[in-house]
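What follows is a short report on a single structure.
Since this is a predicted model, take the numbers as computed values, not measurements. Chain letters run A, B, ... following the sequence lines, proteins first, then strands; residues in each count from 1.
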Amino acid sequence: MSDFIIYNTLSRSKEIFKPLNPGHVGMYVCGPTVYGEAHLGHSRPAITFDVLFRYLNHLGYKVRYIRNITDVGHLVNDADEGEDKIAKKAKVEELEPMEIVQLYTNSYRQNMAQLNVLPPSIEPSASGHIIEQIAAVQQLIDSGFAYEINGSVYFDVEKYASVHNYGKLSRRKIEDLYTNTRDLDSQNEKKSGLDFAVWKKASSGHIMNWPSPWGTGYPGWHIECTAMSTKYLGETFDIHGGGLDLLFPHHEAEIAQGVACFGHDTVRYWMHNNLITINGQKMGKSLGNFITLNELFSGTHPLLEKAYSPITIRFFILQAHYRSPLDFSNEALQAAEKGLERLLKAVALLDELIPSADSSMDVGALKEKCYAAINDDLNTPVLIAHLFDGVKVINSVNDGKASVNAQDLVLLKQLYHDFTFDILGFKSETASGGSDQEILKKVVDLLLNLRVEAKKNKEWATSDKIRNSLTELGFEIKDTKEGFSWELKK
RNA sequence: GGUCGGUUGGCCGAGUGGUCAGGCAACGGUCUGCAAAACCGUCUACGGCGGUUCGAAUCCGCCACCGACCUCCA
């Protein structure tokens with residue numbers, strides 16, 4: 001089998017993945033800031049790195065996957081200078097900040113479960129790691145790369161850049177940054193406009209704050225990831241993932257903080273997923289064009305023609321490569337919905353195929369192609385294309401136009417089970433179980449048996465009325481040699 | 001303004017020097033009482049201009065357009 005290759009943003013090239021400790025992988029992915037409902041944009045990194053997590057598990061690695069919950073410290077923009085996002089929302093709704101945090105954390109987890117995103121190994125929250133963050137800030141001060149002014153602590157970018165390469169991840173030159181940095185009021189006390197806060201003094205109206213050696217305040221924007229990733233994964237770990245929008249300044253700052261603390265890089269492979277656009281424009285809270293996952297699942301948003309199931313969203317996202325931009329449209333979502341249905345139907349059909357003596361398909365070659373695709377920097381669109389090639393064969397076997405022997409059928413089932421469900425994380429969403437369902441099945445079977453009788457007697461009007469009425473109610477009726485088959489469409 | 005990325009058929013979206021991407025839609029056929037589903041077939045594109053090459057969507061140059069980051073954002 002080919003090597004597993006990952007595109008490392010740091011080197012801007014594809015590299016063979018070799019974990020630091022054989023058999024084990026440590027990965028850290030930037031999670032959500034829980035001050036609002038999860039939206040379409042949140043689904044892409046979650047799903048991308050879920051597939052990575054699943055695939056590494058499939059390869060037999062023991063993976064520790066950390067995805068944080070940011071519940072403190074991110075500043076809002078100019079409108080509310082220096083105010084904590086969570087605290088701001090709390091005032092508006094007159095709730096305790098931690099109530100907001102809990103509400104949206106629960107909501108996020110529920111949405112992730114709907115998308116069939118596996119829970120990470122550890123989901124640490126920033127508010128639960130204040131002590132570690134204070135320790136990290138102290139370490140930065142001790143190393144000489146951070147300084148305290150008026151109860152706030154800032155990272156000294158200029159000093160860092162004189163010894164290390166600041167900007168190596170985002171490929172920014174420090175001189176360019178100087179000329180392009182805006183002067184914000186709050187930056188007055190900083191030595192340089194490039195410096196960023198690692199600890200911020202709490203203003204009078206700031207609800208979320210903690211005591212520290214520098215007075216009452218809250219952690220800076222980037223320190224939580226440094227503190228929590230190294231706490232759980234060590235000073236050096238394998239993979240750090242996140243959205244492309246976090247490349248600068250967030251991940252650049254993380255690198256600087258890590259190097260300043262430990263004297264060496266902490267991350268071996270940096271991975272960044274591209275963003276989802278809507279009509280060619282990025283989604284953003286400030287642009288007001290973002291669609292929440294709950295709106296997507298229920299179809300309640302002016303931009304949506306209908307509801308789209310969570311697994312349809314998952315399929316839509318994985319049909320594009322994670323490093324390519326992906327544009328949202330109803331047409332594309334509906335195409336994804338039908339494609340997914342076609343794939344899942346064929347996989348279900350595998351259990352009904354009757355093996356023959358000979359085989360007209362090469363399962364081994366298909367398997368090799370599938371692994372080659374996923375091994376090439378998680379090329380899920382090519383992987384899915386290969387799976388569709390197999391779908392054609394599966395359907396042909398069912399039609400008696402191709403054949404598969406018993407041995408190949410076993411291999412084929414294993415292949416589709418591994419890739420469709422275990423690695424890509426798709427699943428069938430048709431309703432199942434429950435006594436209501438059983439009754440429903442009996443009633444529909446009864447009606448369709450009546451229809452079979454009508455057909456026998458060539459009473460086409462009756463037969464069509466039964467089928468058309470059921471179709472109107474959302475059933476799909478198919479006549480087969482044995483009689484009929486049906487399913488209830490969503 | 002700086003830095004980086006993109007422009008592929010009706011739509012989405014792979015692909016990096018010659019050979020089928022794939023899905024959706026459309027059209028024709030097989031099957032069917034008629035359908036549906038499935039299968040077979042058709043639709044063969046690569047922003048513009050120039051260059052390199054026997055050969056370029058793929059490499060190089062220029063131009064146009066779009067986007068991202070530089071400011072909280074997945």
Side-chain angles (χ1 to χ4, degrees), chain A residues 12 29-33 35-36 38-49 70 73-80 85 167 170-173 175-177 179-182 184 221 241-250 252 272-277 280-287 290 315-316 319-321 323-343 345-346 349 373 379-389 391-392 394-396 398-402 455 458-460 463-464 467-468 471 476-481 484-487:
Chain A
R12 302 285 156 103
V29 172
C30 293
T33 303
Y35 66 99
H39 55 81
L40 185 55
H42 287 106
S43 62
R44 199 165 193 197
I47 288 170
T48 297
F49 294 107
T70 296
H74 279 232
L75 299 172
V76 296
N77 61 17
D78 332 75
D80 294 275
K85 266 183 182 173
S170 58
R171 309 241 162 156
R172 271 165 228 274
K173 294 191 184 76
E175 311 85 72
D176 295 339
L177 289 172
T179 52
N180 292 313
T181 300
R182 243 200 283 168
L184 296 174
W221 315 339
L244 198 57
D245 52 343
L246 297 177
L247 196 78
F248 190 92
H250 183 59
E252 201 69 71
H272 292 91
N273 62 274
N274 215 312
L275 310 182
I276 292 177
T277 55
Q281 268 224 314
K282 79 157 181 172
M283 285 198 320
K285 295 211 183 291
S286 46
L287 295 174
F290 67 95
F315 186 85
F316 170 69
Q319 233 185 351
H321 186 80
R323 284 192 287 117
S324 299
L326 176 58
D327 195 41
F328 165 90
S329 72
N330 280 285
E331 216 176 349
L333 258 309
Q334 279 160 33
E337 187 174 55
K338 294 203 171 168
L340 171 67
E341 189 189 340
R342 183 171 145 85
L343 175 63
K345 266 188 181 172
L349 200 55
N379 199 331
T380 54
V382 168
L383 168 61
I384 290 170
H386 292 323
L387 291 177
F388 273 113
D389 287 340
V391 164
K392 198 168 266 192
I394 291 165
N395 285 327
S396 289
N398 189 50
D399 278 9
K401 289 169 183 161
K455 280 169 66 183
K458 298 200 189 302
E459 292 162 7
W460 307 127
S463 132
D464 284 354
R467 183 180 59 196
N468 294 342
T471 303
E476 184 181 276
I477 312 301
K478 280 184 265 180
D479 287 355
T480 64
K481 286 194 188 77
F484 56 82
S485 75
W486 62 271
E487 64 179 304

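No donor-acceptor pair under 3.5 Å is formed between the side chain of A/Ser463 and the backbone N or O of A/Glu459. A/Glu252 places a side-chain N or O within donor-acceptor distance of the main-chain N or O of A/Ser170, the cut-off being under 3.5 Å.
Using a 4.5 Å heavy-atom cutoff, the side chains of A/Glu487 and A/Lys345 are in contact. Contact annotation: the side chain of A/Asn274 approaches that of A/Arg44 to within less than 4.5 Å [non-hydrogen atoms, C-beta and beyond]. Between A/Asn395 and A/Arg342 there is a side-chain heavy-atom pair separated by less than 4.5 Å. Looking at A/Val391 and A/Leu343, their side chains come closer than 4.5 Å, going by heavy atoms from C-beta outward. For the pair A/Ser43/A/Leu40, a side-chain contact is recorded, criterion being any heavy-atom separation below 4.5 Å from C-beta on.
If you check B/C59 for Watson-Crick or wobble pairing at under 3.5 angstrom, you find it paired to B/G51. Nucleotide B/A38: paired with B/U30 (Watson-Crick or G-U wobble, both distances less than 3.5 Å). Using Watson-Crick or G-U wobble geometry with both donor-acceptor distances under 3.5 Å, B/G5 finds its partner in B/C66. Nucleotide B/C20 has no partner under the Watson-Crick or G-U criteria, as no pair reaches both atom distances under 3.5 Å. With a cut-off of 3.5 Å on both pairing distances, B/C43 has no Watson-Crick or G-U wobble partner at all.
Between the P atoms of B/A35 and B/U30, the separation comes to 11 Å (whole Å). The same atom, P, is picked in B/C46 and in B/C12; the two are 16 Å apart, to the nearest Å. Atom name P, nucleotides B/U8 and B/C4: the rounded distance is 23 Å, in whole Å. Here, B/C43 and B/G28 have their P atoms 15 Å apart, quoted to the whole Å. Look at the P atom in both B/G18 and B/A57: the space between them is 10 Å, to the nearest Å. Nucleotides B/U16 and B/U71 place their P atoms 35 Å apart, quoted to the nearest Å. Rounded to whole Å, the C1' atom of B/G47 lies 39 Å from the corresponding atom of B/A38.
Residue-to-nucleotide proximity on RNA chain B shows that, of A/Leu40 and A/Ser170, the 5′-proximal contact is made by A/Ser170. Map A/Val391 and A/Trp460 each onto its nearest nucleotide of RNA chain B; the residue landing nearer the 5' end is A/Trp460.
Regarding contacts with the backbone of B/G23, a side-chain N or O of A/Arg342 is found under 4.0 angstrom from either OP1 or OP2. Put simply, A/Thr33 has a side-chain N or O that comes within less than 4.0 Å of OP1 or OP2 on B/A74. A close approach under 4.0 Å does not occur between any side-chain nitrogen or oxygen of A/Arg172 and OP1 or OP2 of B/C4. Side-chain N/O atoms of A/Lys338 include one lying less than 4.0 angstrom from OP1 or OP2 on B/A25. Taking side-chain N and O atoms only, A/Asn273 has no distance below 4.0 Å to OP1 or OP2 of B/A74.
Heavy atoms of A/Lys392 sit under 4.0 angstrom from primed sugar atoms or phosphate atoms, though from no base atom. Using a 4.0 Å heavy-atom distance criterion, A/Leu244 is classed as making no nucleic acid contact. Nucleic acid contact class of A/Leu247 (heavy atoms, under 4.0 Å, all strands): none. Across all strands shown, A/Asn395 has heavy atoms under 4.0 Å from sugar-phosphate atoms exclusively, and none from any base. As judged by a 4.0 angstrom heavy-atom cut-off over every strand, A/Gly339 is placed among residues touching the sugar-phosphate backbone only. Within the nucleic acid shown, A/Asn468 has no heavy atom closer than 4.0 Å to any nucleic acid atom.
Summarising the geometry, the separation between CG on A/Asp245 and C1' on B/U71 is reported as 12 Å, rounded to the nearest angstrom.
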TODO: At under 4.0 Å between heavy atoms, which parts of nucleotides 6-19 of chain B does protein reach? Answer with one letter per nucleotide, 5' to 3': B base, S sugar-phosphate only, - none.
DONE: -----SSSSS----
